[in-house]
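Notes follow once the structure below has been shown.
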Number of protein chains: 2
Amino acid sequence: MKDLQDLTSDQQRKLDRARQRVIESIGKNMDLYGITLSIGHLYGHMYFQNKPITLDDMSETMGMSKTSMSTGMRTLMDLKMINKVWGKGTRKDLYEVVPDWYQNFSDYFSIKWRKAVEGNMQALAKSLEEIHSLKGEAEGDPDFLQLLDVDEAKITEALHYYKWLLRLIETLETGKIFEFIPKE
Amino acid sequence: MKDLQDLTSDQQRKLDRARQRVIESIGKNMDLYGITLSIGHLYGHMYFQNKPITLDDMSETMGMSKTSMSTGMRTLMDLKMINKVWGKGTRKDLYEVVPDWYQNFSDYFSIKWRKAVEGNMQALAKSLEEIHSLKGEAEGDPDFLQLLDVDEAKITEALHYYKWLLRLIETLETGKIFEFIPKE
DNA sequence: AAGTGTGTAAAGAAAAAACTGTACAAAGAA
DNA sequence: TTCTTTGTACAGTTTTTTCTTTACACACTT
């Protein structure tokens, strides 16, 4: 297939502008995924590459160092937004986007949110236990007891929320979410 | 009600440690909301305050400048994670957490994701139109036409995803999500 | 009206992050 | 084996962000 660089016409410039707007827009909003503007930009460019691409290619199109491309690609791989693919004939690593954005969205929660939620739950559970044991010791001190009750209630409530959030994440992971909110 | 500062016992220290762990954990993971560690920390402290609190109070407990508290509070207010409340008798502004984390979660998508999605959709729609008009001009150039088709397909697919995402955000906003994933 | 207290804008300092160039280890080619 | 090529670790630089200090506008009190 013809590639964009091969065209030198006015049409090329027009298509390029159209792409550029999308790339810019996507890149700008990728901070929601905790991604820096330039890595978002990198992703945007990758998105319109119609074949696997090398670090050197991207280094050139982005006008950035190869090292930055390397770290950027790794960040995107961690989020499963791009894949490393094998190409025969070349010794270079080849990358391409994972074009399923529904999957990207799910993965983001699997990777980032799940970890955060589980970490928080562990902290909450531990502190909740400590509060329970404090309640045991503080039988004779009604003021302190009341304070403990408030904290206990807060933590319990938070744990409920996190459990709910885990269930939500699960429906994303399993794809059951699409039963409730169909793709179309 | 008794407040934590009033206790000087060993029990206070224990409760404080239990709280501290939760605060730390919550704060650390608030980067998912695009929030800095110290603002997350601020939120964490607010979470265990059992009454509305002033900038000066927080400045002291956090060991940070009042200006930082001011900007931090505004950031948290933008995310609707805290509220400014009116207290009679004092001229200071009073803040307290919005304790509904389900709501916080929904608001986050309403505020941040919705904006991003709508912005991206607009960019995509505009570029899609340009591609359509390019297709009209490029009748005689099958190679270029093929290229345009690929881009068109990508953008169309992306728009589908964004529409889905908007529907998801809506179910969060309206609370319909809880029909599918009950709070408990 | 003047006086006092409060939040925040602005500017500067400190800290953190992003980015680059160099150097090198690993792996393929000769 | 030795010679290349390629990705990345590391150190250093630049840029960005965070935080503080100072200054001041606004509002409330007297």
Side-chain angles (χ1 to χ4, degrees), chain A residues 23-24 26-46 49 51-79 81-96 112, chain B residues 23-24 26-46 49 51-79 81-96 112:
Chain A
I23 291 169
E24 213 79 36
I26 290 175
K28 192 175 60 194
N29 292 122
M30 282 255 241
D31 63 333
L32 290 174
Y33 286 95
I35 276 181
T36 199
L37 177 64
S38 39
I39 296 184
H41 218 240
L42 168 62
Y43 177 85
H45 270 107
M46 299 274 298
Q49 298 294 335
K51 52 172 189 274
I53 224 72
T54 68
L55 292 181
D56 288 307
D57 291 336
M58 270 304 141
S59 186
E60 188 174 0
T61 49
M62 296 270 301
M64 287 178 71
S65 73
K66 200 167 152 185
T67 303
S68 291
M69 295 305 102
S70 179
T71 58
M73 291 291 192
R74 184 162 51 195
T75 303
L76 290 171
M77 286 215 309
D78 288 346
L79 283 167
M81 289 181 168
I82 63 169
N83 267 144
K84 201 183 276 197
V85 296
W86 277 95
K88 49 196 166 190
T90 179
R91 267 156 71 190
K92 305 192 181 193
D93 291 356
L94 295 169
Y95 302 91
E96 67 181 6
K112 296 273 194 179
Chain B
I23 291 170
E24 212 78 38
I26 290 175
K28 192 175 60 194
N29 292 123
M30 282 254 242
D31 63 332
L32 291 175
Y33 286 95
I35 277 181
T36 200
L37 177 64
S38 40
I39 296 184
H41 216 240
L42 167 62
Y43 177 84
H45 270 107
M46 298 274 299
Q49 298 294 335
K51 54 173 186 274
I53 224 74
T54 68
L55 293 180
D56 288 308
D57 292 336
M58 269 304 141
S59 185
E60 188 176 0
T61 48
M62 296 269 303
M64 287 177 73
S65 75
K66 199 168 154 186
T67 304
S68 291
M69 296 304 103
S70 179
T71 59
M73 291 291 191
R74 185 162 52 196
T75 303
L76 291 171
M77 286 215 308
D78 288 346
L79 284 168
M81 289 180 167
I82 63 168
N83 267 145
K84 201 183 275 195
V85 295
W86 277 94
K88 49 195 166 191
T90 180
R91 268 158 67 193
K92 305 193 181 192
D93 292 355
L94 294 171
Y95 301 90
E96 68 182 5
K112 297 273 195 178

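Labels below follow one simple rule: chain letters A, B, ... track the order of the sequence lines, proteins then strands, and each chain is numbered from 1. Small disclaimer: the values here were computed from a predicted structure and weren't measured.
Nucleotide D:dT6 holds its C1' atom 11 Å from the NZ atom of A:K84, rounded to whole Å. Taking atom CE of residue A:M58 and atom P of nucleotide D:dT6, one finds them 17 Å apart after rounding to whole Å. Spacing between atom CD of A:E60 and atom P of D:dT6 amounts to 14 Å, rounded to whole angstrom units. In this structure, CE of A:M73 is placed 15 Å from P of D:dT6, rounded to the nearest angstrom.
Pairs passing the salt bridge (Lys or Arg N to Asp or Glu O under 4.0 Å) check and including a residue from residues 59-69 of chain B, sequence neighbours excluded, read B:D56-B:K66. Applying the side chain to side chain donor-acceptor pair (under 3.5 Å) definition to pairs two or more places apart or across chains, those involving residues 68-77 of chain A are A:S65-A:S68.
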Under 3.5 Å donor-acceptor pairs involving side-chain atoms of residues 82-91 of chain B, not counting sequence neighbours:
unit_1, atom_1, unit_2, atom_2, d
B:K84, NZ, B:D93, OD2, 3.2
B:T90, OG1, B:K92, N, 3.1

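Listed by chain and number, the residues in a side chain to side chain contact (heavy atoms under 4.5 Å, CB included) with B:T61 are B:M58 (sequence neighbours excluded). Residues satisfying the salt bridge (Lys or Arg N to Asp or Glu O under 4.0 Å) test with A:D57, not counting sequence neighbours, are none. Every residue two or more places apart in sequence or in another chain was checked for a side chain to side chain donor-acceptor pair (under 3.5 Å) with B:Y95, and none qualifies.
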Tell me, for nucleotides 14-27 of chain D in 5' to 3' order, what letter each nucleotide earns: B for a base near a protein heavy atom under 4.0 Å, S for only sugar-phosphate near one, - for neither? ----SSBBB----B
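For the pair B:M64/B:M69, a side-chain contact is recorded, criterion being any heavy-atom separation below 4.5 Å from C-beta on. Using a 4.5 Å heavy-atom cutoff, the side chains of B:M46 and B:M81 are not in contact. Within the 4.5 Å cutoff, no side-chain heavy atoms of A:M30 are placed close to those of A:I39.
Near DNA chain C, defined here as any heavy-atom distance below 4.0 Å, there are no residues from residues 26-35 of chain A.
A:T54 contributes no side-chain N or O that, together with a main-chain N or O of A:L94, makes up a donor-acceptor pair within less than 3.5 Å.
Think of the region where chain B sits on DNA chain C: with heavy atoms and a 4.0 Å cut, that region ends 5' and 3' at C:dT4 to C:dA10.
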